[in-house]
Amino acid sequence: MSAPAPVGRGRPRLEGREKVTGAARYAAEYPADGLAHAYGWAVQAGVAKGRIVRIDSGAAEAEPGVLAVLTHENAPRLDPAESPELLLLQQPLVRYRGEIVALVVAESLEAAREGAGLLRIDYDSEPHSSVLTERHPSLYKPDHVNPAYPTDTSVGDFDAGYAAAEVRLDQTYRTPAYHNNPMEPHAATAWWAEGRLLVHDSSQGTTDVRAALCRLFALPPEAVRVTAEHVGGGFGSKGSPRCTPVLAAMAARQVGRPVRLALTRQQLFGPIGYRTPIIQRVRLGADADGRLSAICHDAISQTSTRIEFAEQTAVLTRSLYSAPHRRTTHRLVRLDVPTPSWMRAPGECPGSFALECAMDELAVACGVDPVELRIRNDTEVEPEEGIPFSSRNLVACLRDGARRFGWAERDPAPGIRRQGRWLVGTGMASAVYPARTPGASAEAAAGPDGTYQVRINATDIGTGARTALWQIAAEALEVPGDRVGISIGDSDLPPAAVAGGSTGTAGWGLAVDRACRSLRRQLREAHGGTPPPDGLTVRVDTAEEAGSLPRLARYAFGAHFVEARVDIDSGEIRIGRMLGVFATGRVVNPTTARSQLIGGMTMGISMALHEEGLLDQRFGDWVNHDLATYHITACADVEQIEAHWVPEEDDRVNPLGVKGLGEIGIVGSAAAVANAVHHATGLRLRTLPIQLDKLVDRLPADRATS
Ligand code: MOS
């Protein structure tokens, strides 16, 4: 790596070679030095609600190799003030089927699993409620929705505006539970040595994990170190401290040696959260030309009995289109289920499915082209707050995408294009996602040999964050990349926010940039440009700078275009082409940026056509909980996919001009697929996933292929 690494040039991941050769170590691959360690196996509750009345661990404990069986009867006590999600094995209560109620620790994984099978747990079970409906008697209005948005908003007079509109649309859209399935499951290795707890965790941010472990075990910060050097995906499911590091730490304390704990694929369907099922009603009022006068978006989703998790489903409708009369609401119901959690573009992703399908329906109702409809309803100021955007290039994305995709030749009539057995259609949708810049700390150090070391507790969950930060550092230091080292993924490093909300490149990047510039300035001013013999280290914190950015609406935008074909006999759906164009500020690394965008779009196909958590009401649990029964889009499902971006220089979004792009790729993508299926078949499917059994009986009778 002798070439410089300027921002804007494509670079492969710095750790790519380590990953493909197997040298990169993940959380369950420690300790590395052959230290004798043990394995944990999590045991899950077999009832949806109730009390544990008896645990018989005799047979499990007698199993050769089993070292301990941790239950609420003997597990280390945790600080009860901590989040109920993390207070594991503290009480004999069961709040959802699949809740972790015991941990078997053994000298081998096989013995731990065998021991888990021998554990006998008796429950007093109670009736449970586990299905979300729009008329659930316990619906309520939360105080706010995630992360801190108002629950409801209202501008103008929606009811009057809607009643007076020439064209009205009122539809309800349903999305099922979606389960995050990172390739690396949730896993941790923990041990206690020399008065310190050391944890290797598969996490999106170890600063928060360390803080949680300190509180749970009543330890000072310096007594806990958590690392996450390499993480095999997270998508939000590893965005908050999870059960695995807590259980591993408890077990390690109990057996006095390092303990590795990895959840199985099946165990990911529940304890680690999921995207809540959502029922969304969208009402649009417009004039005959499709100009919106009234928008209302009402969302109903679920949370658990332990924690309020309020998906911000309708929030994107507050900022995407102009309309004088507007309203958004969120309602929740507490069910006897695992707590829903973060999944790529929480809120914007499912919300855009409803809003962008509704916009497609309005386009059909008004006889206006769907791209043109969005352009007509563009806005110069954020429509609820009335403040300007730092930059808003939705229209540029729509126009550029339409041009690249060949949208101009499109015949709007649905259900009339045939290619052999296939009905063919195209659809599109807009995308929007907030561009936030959290503060962070970072250190930059100059060595006497002309090399530099940058340190920040950022986390690379597979995105290429490490490489992007290295590029930003090299640019700010004005030196070739091969003289710059970057250390991330360790709570002993300067603290920084979690890898979430598409904020990493902007937030961590700003701290890295500031540390490097400050170092360069100090070298120049105090040392004549040459590092002193024992080096020079500079540390910065950007909380103040990031917190004092002027009040503006900051968003990335995008537009998706999809070509779908549907088999006229079987209803089989294939996506022939998918193309996205995005406006995401300055793109630091085109190589990894493209991967993020394409990854998000692929997840959108998956959401539209494949993924669905199927809950069995009798047991209060999902019946499909592995990759054989919970289908996820594979390479063969994606025939041609392209991501592009429009040039966007935005020095008001933050000083780096970076907007982040981990999540915008999934926003709107499922709607674009559903809209293409409608154009192909004339059938409007408002409940995801769109699978062949929902189409097959309703397709037009086959006409002889001409
Ligand atoms: Mo992402 S769902 O913001 O970790």
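Note that the structure is a prediction, hence the values are computed from the model and not measured. In each ligand, atom 1 is the first atom listed, and ligand 1 is the first ligand listed.
The aromatic ring centroids of F235 and W342 lie 6.0 Å or more from each other. If you look at H625 and Y630, their ring centroids are not closer than 6.0 Å. Y274 has its ring centre no less than 6.0 Å from the ring centre of Y178.
Residues meeting the side-chain contact (heavy atoms from CB on, under 4.5 Å) test with R174, sequence neighbours left out: E134, T172, I279, T687. In this structure, the side-chain hydrogen bond (donor to acceptor under 3.5 Å, both in side chains) partners of R331, at least two apart in sequence or on a different chain, are D152.
Sorted by chain then number, the residues whose non-hydrogen atoms approach ligand 1 to under 4.0 Å are Q204, F235, G236, W342, M343, R344, P346, A499, G500, G501, E663.
Applying the side-chain hydrogen bond (donor to acceptor under 3.5 Å, both in side chains) definition to pairs two or more places apart or across chains, those involving residues 657-671 are S391-K659, Y433-E663, S502-E663, E648-K659.
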